[in-house]
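Below: one structure, written as structure tokens.
When a residue number appears, it is its place in the shown sequence, counting from 1.
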Amino acid sequence: MVDNNTWSTEYSSVDMRAVRLVEKKWGIQFPSEYINFIQKYHGAEPVQRTLNINGKKVMFSSFLTFIAFDDLDILDVYNEQKNSLPLNHFPFAIDEEGNLFCFNFSNLPDPSIIYVETIRSDNPLHTYIAADFTEFIQQFN
């Protein structure tokens, strides 16, 4: 995976048992590119934060964590937002406003990446942004 960004994290290495527990709970298997990424950059924030989504600049915040009761815990974020998410969409990152970047597992086993604007919306917007995790990572500028 080509990644021209610099990532920083204050989190320790991801506990793969926690990752597998989330996969089992959701009935999915995360893409290997994502697993490889979070093993190095668990809860990471990028230096280059800007994403262009349908002509709108979105400021990426960070990847969600696999640490129970953390502010960015992937299960807590999902449980708080699941009523705003389409079926088979699971968050893995968040922007600076609190909107979500999700894996769309509607077409198993290779999920696409969807941006879900959950903040300030009674009817959240869902925008396709990448065919896979690698393409998503390459979009930062």
Side chain to side chain donor-acceptor pair (under 3.5 Å) involving Glu23 - partner list, sequence neighbours excluded: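 Scan of Glu23 (side chain to side chain donor-acceptor pair (under 3.5 Å), adjacent residues dropped) gives Arg20.
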Pairing residues for Glu135 by the side chain to side chain donor-acceptor pair (under 3.5 Å) criterion, not counting sequence neighbours: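 Side chain to side chain donor-acceptor pair (under 3.5 Å) list for Glu135, sorted by chain: empty.
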List the atom of [X], the atom of [Y], and the distance in Å for their closest heavy-atom pair.
X	Y	value
Asn99	Val116	CB-O, 3.4 Å
Pro91	Trp26	O-CH2, 4.1 Å
Phe92	Cys102	CE2-C, 3.6 Å

Between [atom1] of [X] and [atom2] of [Y], what distance do you get to the nearest 0.5 Å?
X	Y	atom1	atom2	answer
Phe105	Leu87	CZ	CG	12.5 Å
Ser84	Leu100	OG	CG	8.5 Å
Ser62	Arg49	OG	CZ	7.5 Å
Tyr115	Ile129	OH	CD1	8.5 Å
Ile94	Phe60	CD1	CZ	9.5 Å
Thr127	Ile53	OG1	CD1	7.0 Å

Quick one: are [X] and [Y] in side-chain contact, heavy atoms under 4.5 Å?
X	Y	answer
His89	His126	no
Met59	Glu97	no
Phe90	Ile74	no
Phe103	Pro31	yes
Thr134	Gln138	yes
Ile38	Phe66	yes

Trace of the side-chain contact (heavy atoms from CB on, under 4.5 Å) decision for Val22 with Phe30: CA-CA 9 Å; Val22 171; Phe30 289 116; 4.0 Å; yes
Verdict with reasoning, Tyr41 to Asn5, per side-chain contact (heavy atoms from CB on, under 4.5 Å): CA-CA 12 Å; Tyr41 305 116; Asn5 210 339; over 6 Å; no
Gln39 vs Val19, side-chain contact (heavy atoms from CB on, under 4.5 Å): CA-CA, chis, key distance, verdict: CA-CA 10 Å; Gln39 285 179 319; Val19 173; over 6 Å; no
Residue pairs involving residues 51-79 (criterion salt bridge (Lys or Arg N to Asp or Glu O under 4.0 Å); sequence neighbours excluded):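 Matches after skipping sequence neighbours: Lys56-Glu117.
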Asn79, CG atom: more than 12 neighbouring heavy atoms under 6.0 Å: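 Yes, the 6.0 Å shell around CG holds more than 12 heavy atoms from other groups.
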Side-chain donor/acceptor of Thr9 to backbone N/O of His42, under 3.5 Å: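 Such a contact is found between Thr9 side chain and His42 backbone.
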Plane angle bin for Phe136 and Phe140 - parallel if under 30°, tilted between 30 and 60°, otherwise perpendicular: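 Answer is perpendicular, since the angle exceeds 60°.
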Aromatic ring proximity, centroids under 6.0 angstrom, Trp7 and Phe63: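 Yes: the rings meet the under 6.0 Å criterion.
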Single-linkage hydrophobic cluster Leu21~Ile67, side-chain heavy atoms < 4.5 angstrom: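 As far as the 4.5 Å side-chain criterion goes, Ile67 and Leu21 are not connected within one cluster.
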